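Worksheet: the structure to be examined is printed underneath.
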Amino acid sequence: MEELNYEINTEEIRQTNVEPDVLRMIPYNTGMEPLLLAEYGRNIQNLVDFCVSIPDREERTRCAYAIADIMTILFPNLKKDPNDRKKIWDHINIMSRFELDIDFPMPVIQAEEANPTPEAIPYSNSRDIIFRYYGKHIQDMVRTVADMDDSEERFNLIGVIANHMKKLMLAHNKEGVSDAKVLRDLCFISDGKIDLLPGDIYLYDFQEVQPQVKQKQGKKKNKQNL
């Protein structure tokens, strides 16, 4: 048999008026709307979208029940838990963007439940902190102890707090730290309720510990007697 040689005339193809729909390629998922629940795939999402567009409510309800059965067949693991049937209907309502108006067999999740508004996290006002290097917790502790009745427990707590204040001040600025400065700050934070002098209370002398440097041990050389 003779071999048939086909020559492609590219110039003729370029000059041919071809409709744009003919040249359209298979659409990519990246060009489509994002899936609301990716685990069910594009086909299930398309079925739900079609179900929402059905004008007759009774027919739309039958379609939704058929979709629920299909999802159960495609995902048999949903049959293990009796609560999974509710999960299917919740997911159908989510994929319908909560626009599916049918007679659901059970209460389903609503938009406000699927996307709850988180409660605002209360932040403390930084202006309420008198000395930043002490922090707000120390400030609250000082004011709590200041309102206590005079007792040995109150005096011991003041000592613990004052020593911790001194340590925090040293971490902030190693120069200019003294017991008198700590006690003045303690008096200021407590609105004068804790008024002590350096001789009234003992504060520790904190010293910075230098990290120990490990010395490298030299290799012992075997000396041979000649």
Side-chain angles (χ1 to χ4, degrees), residues 34-39 77 80-84 86-87 89-91 93-95 97-98 106-223:
L35 294 174
L36 298 175
L37 293 176
E39 59 267 27
N77 58 319
K80 297 178 181 179
D81 191 345
N83 295 326
D84 286 337
K86 182 182 185 308
K87 184 187 297 183
W89 286 108
D90 287 342
H91 289 175
N93 200 29
I94 292 172
M95 285 188 286
R97 302 169 183 83
F98 307 98
M106 60 190 68
V108 294
I109 190 170
Q110 300 300 322
E112 56 273 10
E113 299 173 353
N115 302 305
T117 303
E119 297 181 1
I121 300 175
Y123 289 96
S124 59
N125 191 350
S126 59
R127 296 180 180 178
D128 297 336
I129 303 175
I130 301 175
F131 301 103
R132 288 185 177 273
Y133 44 86
Y134 293 140
K136 192 172 188 308
H137 293 303
I138 290 294
Q139 182 172 295
D140 294 339
M141 291 169 62
V142 169
R143 291 175 176 174
T144 300
V145 174
D147 294 333
M148 294 174 61
D149 296 332
D150 289 335
S151 62
E152 184 179 356
E153 181 184 6
R154 179 178 183 268
F155 183 79
N156 292 334
L157 289 174
I158 292 173
V160 173
I161 295 172
N163 277 294
H164 192 62
M165 289 171 61
K166 184 176 181 180
K167 185 164 57 175
L168 292 173
M169 186 184 294
L170 284 169
H172 176 73
N173 184 11
K174 297 178 182 179
E175 298 180 359
V177 178
S178 63
D179 294 354
K181 174 68 170 65
V182 173
L183 296 177
R184 284 198 302 270
D185 293 344
L186 188 62
C187 181
F188 186 80
I189 296 173
S190 65
D191 296 327
K193 297 178 182 179
I194 302 176
D195 189 5
L196 297 173
L197 297 175
D200 299 333
I201 192 170
Y202 173 76
L203 299 183
Y204 296 110
D205 292 329
F206 296 99
Q207 295 180 356
E208 185 178 2
V209 177
Q210 298 293 337
Q212 295 181 356
V213 179
K214 294 183 179 180
Q215 297 181 354
K216 295 183 179 179
Q217 296 180 355
K219 295 182 179 180
K220 296 181 178 180
K221 296 181 180 180
N222 297 324
K223 296 183 179 180

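Given the structure is predicted, the values throughout are model-derived calculations rather than measurements. Count residues from 1 along the sequence. Just so it is clear, the values below take in all heavy atoms, side chains as well, and ignore hydrogens, waters and symmetry mates.
With respect to the salt-bridge test (charged N to carboxylate O, under 4.0 angstrom), the residues R154 and D149 do not qualify.
Interatomic distance, CD1 of I201 versus CG of L186, reported as 8.0 Å (0.5 Å rounding). Rounded to the nearest 0.5 angstrom, D185 CG and L168 CG are separated by 11.5 Å. To the nearest 0.5 Å, atoms NZ (K136) and CD1 (I130) are separated by 10.5 Å. A distance of 10.5 Å separates CG of L37 from CG of D90, quoted to the nearest 0.5 Å. With rounding to the nearest 0.5 angstrom, the CD1 atom of I161 is 10.0 Å from the OG atom of S190. Atoms CE and CD, on M165 and Q139 in that order, are 10.0 Å from each other to the nearest 0.5 Å.
Of the possible donor and acceptor atoms, none in the side chain of D179 sits under 3.5 Å from a partner among the backbone N and O of P198. The backbone N or O of V182 sits nowhere less than 3.5 Å from a side-chain atom of K166 that would complete a donor-acceptor pair. Panel note: side chain D195, backbone G192; no donor-acceptor pair is recorded below 3.5 Å.
More than 12 non-hydrogen atoms from other residues, nucleotides or ligands lie less than 6.0 angstrom from CD of Q110. When the shell of 6.0 Å around OH of Y204 is examined, it contains 12 or fewer heavy atoms from other residues, nucleotides or ligands.
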Evaluate the side chain to side chain contact (heavy atoms under 4.5 Å, CB included) criterion for residues N156 and V160: first the C-alpha distance (whole Å), next the side-chain angles of each, then the deciding distance (0.1 Å), finally the verdict. CA-CA 6 Å; N156 292 334; V160 173; 5.6 Å; no
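K181 forms a cation-pi arrangement with F131, by the criterion of a distance under 6.0 Å to the ring centre and an angle within 45° of the ring axis.
Contact of the F98 side chain with the V108 side chain is not registered, since no non-hydrogen atoms from C-beta on lie closer than 4.5 Å. Annotation: side chain of Y133 is in contact with side chain of M169 (closest heavy-atom distance under 4.5 Å). Between I129 and Y134, the closest side-chain pair of non-hydrogen atoms is not below 4.5 Å.
L157 pairs with exactly one of M148, E152, M141 by the side-chain contact (heavy atoms from CB on, under 4.5 Å) rule, that one being M148.
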